[in-house]
Amino acid sequence: MPRKSQIPIRKRAVVGVILRHNTFLTIRRSQQVVAPGKVCFPGGGIEHGESEQQALVREIREELGVTATAGQRLYETVTPWGTSVAWWHAHVEENAQFALQTAEVAETHWLAPQVLLRHPDLLTSNRDFLVAWGRSTFAIPGIAVPPDWDEISD
Ligand SMILES: Nc1nc2c([nH]c(=O)n2[C@@H]2O[C@H](COP(=O)(O)OP(=O)(O)OP(=O)(O)O)[C@@H](O)[C@H]2O)c(=O)[nH]1
């Protein structure tokens, strides 16, 4: 997935990269949305007039029922299906209890990077995001690339 792309942008989206004890917060998409059953991060489309941070906080509230705060903007990509995705580090309270909007999110899991990378249902653009992180294209505060990353990301 190229960072600069010739793919026409049809939509802008934002996703939240949320960490707890060296694991990523992941969602399994419901059967009622695009890419049903796929595993990815919380997030969604940016509405007209909204900043990326506002969209990030709104999407996480809508999907998970918790208030997030935006950290730093980590990366930007364009999916093969023409969505420009801004990847943001985000935070939720340590003891936050999720109230899932099950029409969109079937379940959540905290997954170690190696588990996520190998996940059979991982959204392809998220795999590309993880591979780029492993190549130190960008850093994610608070988590180091695992030492065996090159072997498992081939
Ligand atoms: N939610 C989410 N979307 C992602 C991720 N990675 C990624 O490429 N995307 C892309 O970003 C776009 C927004 O995703 P979405 O389907 O959840 O958003 P949406 O606009 O349909 O839902 P919405 O009604 O909640 O705004 C889609 O093109 C999706 O494929 C990710 O980790 N999480």
Side-chain angles (χ1 to χ4, degrees), residues 1-20 22-92 96 98-135 137-143 145 149 153:
M1 181 171 52
R3 215 177 130 75
K4 298 280 180 218
S5 156
Q6 300 308 313
I7 299 166
I9 309 281
R10 293 187 292 140
K11 173 175 170 166
R12 291 174 60 235
V14 63
V15 302
V17 179
I18 299 173
L19 289 164
R20 185 179 290 172
N22 285 315
T23 59
F24 290 99
L25 176 61
T26 64
I27 64 164
R28 185 183 289 279
R29 301 168 68 89
S30 79
Q31 293 299 318
Q32 287 96 62
V33 297
V34 178
K38 289 290 183 186
V39 167
C40 63
F41 300 133
I46 301 172
E47 292 178 359
H48 186 69
E50 229 181 9
S51 69
E52 290 181 355
Q53 293 100 316
Q54 287 168 337
L56 177 73
V57 172
R58 177 185 51 75
E59 284 288 347
I60 292 172
R61 188 177 295 127
E62 285 174 7
E63 291 181 352
L64 305 177
V66 295
T67 302
T69 52
Q72 76 185 63
R73 193 180 198 270
L74 300 171
Y75 196 43
E76 182 178 338
T77 55
V78 177
T79 67
W81 49 95
T83 301
S84 171
V85 182
W87 305 79
W88 280 79
H89 196 207
H91 309 277
V92 295
F98 299 131
L100 305 189
Q101 196 206 110
T102 50
E104 289 189 30
V105 177
E107 56 193 23
T108 60
H109 292 286
W110 295 93
L111 299 179
Q114 298 94 325
V115 176
L116 185 55
L117 185 68
R118 290 186 173 121
H119 201 296
D121 299 327
L122 184 64
L123 205 61
T124 55
S125 47
N126 289 54
R127 185 177 201 286
D128 294 339
F129 169 85
L130 291 173
V131 169
W133 171 58
R135 293 187 179 136
T137 309
F138 57 89
I140 305 175
I143 188 167
V145 175
W149 197 250
S153 64

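Counting convention: from 1, in listed order, for ligands and their atoms alike.
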Ligand 1 N/O within reach of N126 N/O, cut-off under 3.5 Å: yes
Heavy atom of the protein closest to atom 9 (N) of ligand 1 (residue, atom name, distance): L123 CD2, 3.9 Å
Numbered atoms of ligand 1 (with element) below 4.0 Å of T79, judged on heavy atoms: 8 (O)
Identity and separation of the nearest protein heavy atom to atom 29 (C) of ligand 1: W81 NE1, 4.0 Å
Value rounded to 0.5 Å, distance of CG in L100 from CD in E63: 9.5 Å
Heavy-atom nearest neighbour in the protein, as seen from atom 18 (O) of ligand 1, with distance rounded to 0.1 Å: G44 CA, 3.4 Å
Flag, side chain of R20 to backbone of L25, donor-acceptor distance under 3.5 Å: no
Interfacing atoms of ligand 1 (cut-off 4.0 Å, heavy-atom, G43): 1 (N), 17 (O)
Any N/O pair C40/ligand 1 closer than 3.5 Å: no
Close N or O approach (E63, ligand 1; < 3.5 Å): no
Proximal atoms of ligand 1 relative to T83 (non-hydrogen, under 4.0 Å): 11 (O), 12 (C), 28 (O)
Nearest candidate to atom 17 (O) of ligand 1, where distance is taken over non-hydrogen atoms, out of R10, R29, Q101, R12: R29
Sub-4.0 Å atoms of ligand 1 with respect to non-hydrogen atoms of A13: 11 (O), 12 (C), 13 (C)
Atom 10 (C) of ligand 1 - nearest protein heavy atom and its distance: V85 CG2, 4.2 Å
Flag, side chain of E50 to backbone of E47, donor-acceptor distance under 3.5 Å: yes
Any N or O of K11 closer than 3.5 Å to N or O of ligand 1: yes
F129 and F41 aromatic ring geometry - parallel, tilted or perpendicular at 30°/60° bounds: perpendicular
Within-cut-off N or O pair, S125 and ligand 1, under 3.5 Å: yes
Under-4.0 Å protein heavy-atom contact, atom 33 (N) of ligand 1: yes
Residue pair W88 / G71: nearest heavy atoms and the distance that separates them: CZ3-O, 3.3 Å
Non-hydrogen side-chain atoms of I60 and I18 separated by less than 4.5 Å: yes
Value rounded to 0.5 Å, distance of CD in Q53 from CD1 in I46: 9.5 Å
Nearest protein heavy atom with distance in Å, relative to atom 23 (P) of ligand 1: E59 OE2, 3.6 Å
N/O separation below 3.5 Å, V15 to ligand 1: no
E52 side chain reached by R12 side chain, heavy atoms, under 4.5 Å: yes
Contact (N/O only, under 3.5 Å) between G45 and ligand 1: yes
Close side-chain approach of L122 to L130, heavy-atom, < 4.5 Å: yes
Atoms of ligand 1, numbered as shown, that sit under 4.0 Å from any heavy atom of W87: 6 (N)
Expected output: side-chain T137 to main-chain A132 donor-acceptor under 3.5 Å: yes
Validation row: W149, R135 side chains within 4.5 angstrom (heavy atoms): no
Side chain R29, main chain P36, donor-acceptor under 3.5 Å: no
